[in-house]
Student: 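Before we start, here is the structure in question, set down as C-alpha cells.
None of these values were measured; they are calculated from a predicted model.
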Amino acid sequence: MHRREIPLTLLVLMFISTSEETCTSRLHITAVEGEPFYLKYCSSSSEHENKTATIKWYKNESHGPLELSSSSSPRIILLDYVLEFWPVHLNDSGSYSIRMGNDTHDWKLNVIRRPKHSCFTEKQIMSKSVEVKKSLQVACEHGYYQKLVNRTLLYKNCEKIENNQNPFLKKNAEFKDQGYYTCMFFLLHNGKLFNVTKTFNITIVGDNSNIIPALLGPKLTHVKVELGKEVQLNCSALLNEKDVIYWNIWEKNGKDPNVHEEEGTRIRTSEGKRLASKILRIENVNENNLNFSYNCTAASEGGIDTKSFILLKKDPVDIPGHIFTRGMIVAVLISVVIVCLVTVGAIYRVDLVLFYRHFLGRDETLTGNECRHAGISYFTVLFRSYINKH
Ligand SMILES: *[C@@H]1O[C@H](CO)[C@@H](O)[C@H](O)[C@H]1NC(C)=O
Ligand SMILES: *[C@@H]1O[C@H](CO)[C@@H](O)[C@H](O)[C@H]1NC(C)=O
Ligand SMILES: *[C@@H]1O[C@H](CO)[C@@H](O)[C@H](O)[C@H]1NC(C)=O
Ligand SMILES: *[C@@H]1O[C@H](CO)[C@@H](O)[C@H](O)[C@H]1NC(C)=O
Ligand SMILES: *[C@@H]1O[C@H](CO)[C@@H](O)[C@H](O)[C@H]1NC(C)=O
Ligand SMILES: *[C@@H]1O[C@H](CO)[C@@H](O)[C@H](O)[C@H]1NC(C)=O
Ligand SMILES: *[C@@H]1O[C@H](CO)[C@@H](O)[C@H](O)[C@H]1NC(C)=O
Ligand SMILES: *[C@@H]1O[C@H](CO)[C@@H](O)[C@H](O)[C@H]1NC(C)=O
Ligand SMILES: *[C@@H]1O[C@H](CO)[C@@H](O)[C@H](O)[C@H]1NC(C)=O
Ligand SMILES: *[C@@H]1O[C@H](CO)[C@@H](O)[C@H](O)[C@H]1NC(C)=O
C-alpha cells in the first residue's frame with residue numbers, strides 16, 4: 001500500500017481546534033502578558049434568549065469589587081457575556097465575575113510573563129497522542145478569534161515550519177513528528193497587530209496491534225569462547241507489550257552457578273516496535289558450559305519462538321596476542337640495532353682499529369684508574385674478537 005493512500009483508507013485520527021468550546025468553563029485560567037485574551041461566560045441557551053437581565057462584569061480589587069466598563073480602560077471591551085483584553089497585562093491578574101440578575105460566575109485569572117526562550121508556555125498546552133502511521137493533523141484555527149486572523153504561522157518546537165502559507169499539517173505520523181506544535185495567529189484589532197498562540201503537545205504512540213514475537217538472529221548460534229573468560233549472549237526479540245522473553249538455563253542437575261540471567265531491557269524502535277533484550281552472562285567459562293544448548297524463548301498468547309546458543313572452545317593460541325606483539329617489536333628493534341652497529345663497524349673499521357691502538361697504547365701508560373681500565377679492557381676484548389672475525 002502506498003503511504004499516500006493510508007489517510008483515505010484508515011481511520012483518520014485528527015483534531016480540529018474549532019471543536020473546542022470557546023467559552024471559559026475553567027475556574028483557574030492562565031494568560032500570557034501581551035496577548036489578546038477573553039473571558040466568556042458559558043451561558044445556557046435559555047439565558048441567551050432572555051436578555052432582560054442586565055449583565056455586569058466586576059474585578060475583585062483589594063477594596064472590593066470594581067465594576068468594569070469599556071470606558072475604564074481602552075484595553076478592555078465588554079460584549080455581554082464576553083470580556084476582552086487587548087492585550088492582557090500582568091496587573092490584570094485577579095478574580096473576575098459576571099453578574100446577571102441574581103446569577104454570578106467567578107474566574108481566577110493568572111497572567112504570566114511571556115517566556116523568553118520559547119514561543120509557548122507549558123501552562124497552555126493541549127496534549128494529543130497519535131498512533132504511528134496514522135494521520136497526523138494540526139489545523140491552526142482559532143475558535144474565538146478566527147474572524148480577526150490576518151495571518152497564521154505554524155511552528156514545531158518553536159521553529160517555523162517551511163512553506164506554511166496555509167498552516168495546516170497533514171501527514172502520516174512518524175516518531176520524529178513528536179513535539180510541540182504552535183499555531184501563532186496574528187490578529188488585526190483597531191489597526192494594531194496582536195498575536196496569540198495555541199500549542200499542541202503531540203506524542204506519537206506505537207502501533208498497538210498484536211504481532212507474532214520474533215527473535216532476532218539465526219535459530220542456532222555458535223559462539224567461540226576461551227575457557228576462563230566471560231561471555232555474554234544477547235537474546236533480542238520484537239514483541240508485544242505483554243509478551244515475555246526468557247532464558248532456559250536449567251540443566252537436569254540444576255543451574256550452573258556461573259550462569260547469570262541479567263535484567264531485561266525494552267526499547268521502542270524508530271518504527272514503533274517493541275524491542276526486548278535479555279543478556280545471559282556466563283562468567284569464567286568452563287567445560288560444562290560447552291556443547292550445551294542455551295535456549296532463549298519469546299512467548300506471547302499467539303505462540304513462542306526459541307533460539308539456541310552453543311559455546312565452542314576457541315582453538316588455543318600458544319602466546320596471548322599482546323605478548324606476541326610486544327615480543328615481535330623487541331625482536332625487530334634489536335635486529336635493527338645490530339644491523340646498524342655492524343654497518344657502522346664495517347664503514348669505520350680502519351679508523352676504529354687505529355683509534356683503539358692509539359687508545360690502548362695510552363691506556364698502558366695509565367695507572368690508578370681500575371674502573372676505567374677494566375671497562376676499556378672489556379671493550380678491547382670485544383673489539384679484537386670482532387676484528388678477528390672479519
Ligand atoms: C425572561 O425573563 C423574564 C423575567 O426575568 C420572564 O418573565 C420571561 O418569561 C423570560 N423569557 C424567556 C423566553 O425565558
Ligand atoms: C474578593 O476579594 C475579597 C478581599 O480581597 C475576598 O475576601 C473575596 O473572597 C474575593 N472574592 C473572590 C470571588 O475572589
Ligand atoms: C498595568 O500594566 C500596564 C503595563 O504594564 C500599565 O500600562 C498599566 O497602567 C497598569 N495598570 C494599572 C492599573 O496599574
Ligand atoms: C433574585 O433575588 C431576589 C431576592 O433575593 C428574588 O426576589 C428574585 O426572585 C430573584 N430572581 C431570580 C430570577 O431568581
Ligand atoms: C508532552 O507530552 C509528553 C508525552 O506525553 C510528556 O512527557 C510531556 O511532559 C508533555 N509536556 C508538557 C509540557 O506537558
Ligand atoms: C493583514 O493586514 C494587512 C494590514 O496590516 C492587510 O494589508 C492584509 O490584507 C491583511 N491580510 C489578511 C489576510 O487579512
Ligand atoms: C507577538 O506579540 C508579542 C507581544 O505583543 C511580541 O513581543 C512578539 O514579538 C510577537 N511575536 C511575533 C512573532 O511577532
Ligand atoms: C542486544 O541486541 C540488541 C539488538 O541488536 C541491541 O539493541 C542491544 O543493545 C544489545 N544489548 C547489549 C547489552 O549489547
Ligand atoms: C562438542 O562438540 C564438538 C563439535 O560439535 C565435538 O567435537 C565435541 O566432541 C563435543 N564435546 C562434547 C564434550 O560433547
Ligand atoms: C534447547 O533447544 C534444543 C533444540 O530446540 C533442544 O534440543 C535442547 O534440549 C534445548 N535445551 C534446553 C536446555 O532447553
Student: The criterion is ring-ring contact (aromatic ring centres under 6.0 Å, His included); which residues satisfy it with W107, sequence neighbours excluded?
Tutor: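 Checked W107 against ring-ring contact (aromatic ring centres under 6.0 Å, His included); matches are W57, H105.
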Student: Compare all side-chain heavy atoms of E230 with those of Q232 and state whether any distance is below 4.5 angstrom.
Tutor: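 Yes, side chains in contact.
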Student: Would you mind reporting whether L215 and I245 have side-chain heavy atoms less than 4.5 Å apart?
Tutor: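 Counting from C-beta outward, I245 and L215 do come under 4.5 Å.
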Student: side-chain hydrogen bond (donor to acceptor under 3.5 Å, both in side chains): which pairs involve residues 179-196, sequence neighbours left out?
Tutor: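 For residues 179-196, and leaving out neighbouring residues, the side-chain hydrogen bond (donor to acceptor under 3.5 Å, both in side chains) pairs sorted by first residue read T182-T199.
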Student: In chain order, what residues pass the side-chain contact (heavy atoms from CB on, under 4.5 Å) check against L216, with sequence neighbours excluded?
Tutor: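 Expected list: S236, L238, L275.
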Student: Suppose the criterion is disulfide (SG to SG under 2.5 Å): which pairs have a residue in residues 187-226, not counting sequence neighbours?
Tutor: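 Every pair satisfying disulfide (SG to SG under 2.5 Å) with a residue in residues 187-226: there are none.
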Student: Counting C-beta onward and ignoring hydrogens, is there a side-chain heavy-atom pair between S135 and K170 closer than 4.5 Å?
Tutor: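 Side chain of S135 against side chain of K170, heavy atoms only: contact under 4.5 Å found.
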Student: I'd like to know whether N295 forms a side-chain hydrogen bond (donor to acceptor under 3.5 Å, both in side chains) with S308, so could you lay out the CA-CA distance, the side-chain angles of the two residues, the decisive distance to 0.1 Å, and finally the verdict.
Tutor: CA-CA 4 Å; N295 296 347; S308 308; 2.8 Å; yes
Student: Could you grab the distance from atom NZ of K59 to atom CG of L68, nearest 0.5 Å is fine?
Tutor: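 Going from NZ on K59 over to CG on L68, the span is 8.0 Å.
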Student: Which residue, V231, I282, N248, forms the side-chain contact (heavy atoms from CB on, under 4.5 Å) with Y294?
Tutor: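 Passing option: I282.
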Student: Measure centre to centre between the rings of Y145 and F194, then say whether the value is under 6.0 Å.
Tutor: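 For Y145 and F194, the ring centres are not under 6.0 Å apart.
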Student: Donor-acceptor pair, E35 side chain versus V196 backbone, under 3.5 Å?
Tutor: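 No, because the side chain of E35 does not come within donor-acceptor range (under 3.5 Å) of the backbone of V196.
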Student: What about W247 and F292, are their ring centers closer than 6.0 Å?
Tutor: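 Judged by ring-centre distance (under 6.0 Å), W247 and F292 do not meet the cut-off.
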Student: Using the side-chain contact (heavy atoms from CB on, under 4.5 Å) criterion, which residues pair with E241? Sequence neighbours excluded.
Tutor: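 Scan of E241 (side-chain contact (heavy atoms from CB on, under 4.5 Å), adjacent residues dropped) gives R274.
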Student: Which residues satisfy the side-chain contact (heavy atoms from CB on, under 4.5 Å) test with I304, sequence neighbours excluded?
Tutor: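 With neighbours one apart ignored, the set is T297, A299, T306.
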